[in-house]
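Residue indices begin at 1 and follow the sequence shown. All of these numbers come straight from a predicted model, not from anything done at the bench.
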Amino acid sequence: QVQLVESGGGLVQPGGSLRLSCAASGSIFSINAMGWYRQAPGKQRELVAAITSGGSTNYADSVKGRFTISRDNAKNTVYLQMNSLKPEDTAVYYCNAGNQGILGIVAGRGDYWGQGTQVTVSS
């Protein structure tokens, strides 16, 4: 089993920045890709960004150029740096991890999920 714990959410004004963290523990040797999803009220959960253990990345079109996903393999932690935040970025952000590569994360087949962290962009 793998446990994922997110942190870093909060309230920020439009145009501001936040950095989310996702710390993995447990059977992390089984993981080869991680990512972030988000779910806004009344909407389906959607992929934000994904990253492999080797550093390959994939982003949703809506966040390209504003968000950056990165990972620290020594700390078993994935980060999501979010800049130029917009009200439409408001959502609960979930960390996801799996062993089917980046395509597995993109397809929503990652086996492990965090509990989610709220991001609210509002003035």
Side-chain angles (χ1 to χ4, degrees):
Q1 289 291 328
V2 173
Q3 294 78 45
L4 304 175
V5 178
E6 302 106 330
S7 61
L11 173 65
V12 63
Q13 292 186 341
S17 298
L18 280 176
R19 188 176 82 155
L20 305 182
S21 300
C22 173
S25 61
S27 302
I28 56 176
F29 59 86
S30 65
I31 297 303
N32 60 19
M34 297 179 69
W36 290 93
Y37 274 75
R38 67 186 180 186
Q39 188 167 20
K43 295 187 176 181
Q44 288 189 328
R45 191 173 294 190
E46 64 176 2
L47 175 74
V48 177
I51 188 167
T52 67
S53 55
S56 298
T57 58
N58 183 289
Y59 293 93
D61 288 343
S62 59
V63 306
K64 283 180 180 177
R66 300 188 298 122
F67 291 10
T68 301
I69 190 170
S70 62
R71 64 187 296 161
D72 184 332
N73 289 332
K75 295 182 178 180
N76 301 316
T77 299
V78 170
Y79 304 97
L80 185 68
Q81 177 66 43
M82 305 185 293
N83 298 328
S84 303
L85 282 160
K86 304 175 181 180
E88 50 264 43
D89 295 317
T90 295
V92 178
Y93 284 69
Y94 296 92
C95 184
N96 183 227
N99 61 4
Q100 298 185 45
I102 200 167
L103 294 181
I105 298 296
V106 170
R109 295 198 300 267
D111 291 326
Y112 306 104
W113 292 89
Q115 81 286 354
T117 185
Q118 177 70 46
V119 172
T120 302
V121 184
S122 175
S123 55

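In this structure a side-chain-to-backbone donor-acceptor pair under 3.5 Å is present from Tyr37 to Val106. Side-chain N or O atoms of Ser84 include none that pairs as donor or acceptor with a backbone N or O of Arg66 at under 3.5 Å. A donor-acceptor contact shorter than 3.5 Å is absent between the side chain of Asp111 and the backbone of Gly98. Under a 3.5 Å cut-off, the side chain of Asn32 and the backbone N or O of Asn99 do form a donor-acceptor pair. Of the possible polar contacts, one joining the Glu6 side chain to the Gly116 backbone as a donor-acceptor pair under 3.5 Å is found. At distances below 3.5 Å, not a single donor-acceptor pair connects side-chain atoms of Gln39 with backbone N or O atoms of Ala91.
Of all non-hydrogen atoms in Ala24 and Val2, the two that sit nearest each other are CB-CG1, 4.5 Å.
Distance check, rounded to the nearest 0.5 Å: OG of Ser25 to CG of Asn76 gives 8.5 Å. Taking CD of Gln81 as the start and CG of Leu20 as the end, the distance is 9.0 Å to the nearest 0.5 Å. Atom-to-atom distance recorded for Ile51:CD1 and Trp36:CH2 is 12.0 Å, nearest 0.5 angstrom. One distance of note links OG1 of Thr57 with CZ of Arg71; it measures 12.0 Å at 0.5 Å rounding. Atom CD of Gln3 and atom CD1 of Ile28 lie 10.5 Å apart (nearest 0.5 Å).
Both Val92 and Leu47 belong to a single network of hydrophobic side chains, linked directly or stepwise wherever heavy atoms of I, L, V, M, F, W or Y lie under 4.5 Å apart. Ile31 and Ile102 are assigned to two separate hydrophobic clusters, defined by single-linkage of ILVMFWY side chains at heavy-atom distances under 4.5 Å. The cluster map of Ile, Leu, Val, Met, Phe, Trp and Tyr, joined by side-chain heavy atoms under 4.5 Å apart, puts Val48 and Val12 in the same cluster.
In this structure, Asp89 does not pair ionically with Lys86, as no charged nitrogen and carboxylate oxygen lie closer than 4.0 Å.
With contacts defined as side-chain heavy-atom distances shorter than 4.5 Å, the pair Leu4/Tyr94 does not qualify. Contact of the Ser21 side chain with the Lys75 side chain is not registered, since no non-hydrogen atoms from C-beta on lie closer than 4.5 Å. With a 4.5 Å cut-off on side-chain heavy atoms, Ile105 and Asn58 do not count as touching. Between Trp113 and Cys95 there is no side-chain heavy-atom pair separated by less than 4.5 Å. Two residues are said to be in side-chain contact when any heavy atoms from C-beta on lie closer than 4.5 Å; Val121 and Met82 fail this criterion. Residues Thr90 and Ser122 are not in side-chain contact: their nearest non-hydrogen atoms beyond the backbone lie 4.5 Å or more apart. With contacts defined as side-chain heavy-atom distances shorter than 4.5 Å, the pair Tyr112/Met34 does not qualify. Side-chain contact between Gln44 and Glu46 is absent, with no heavy atoms from C-beta onward closer than 4.5 Å.
Environment of CD in Glu88: crowded, with over 12 heavy atoms of neighbouring residues, nucleotides or ligands closer than 6.0 Å.
The cationic atom of Arg19 (NZ for Lys, CZ for Arg) lies less than 6.0 Å from the six-membered ring centre of Tyr79 and within 45° of the ring axis.
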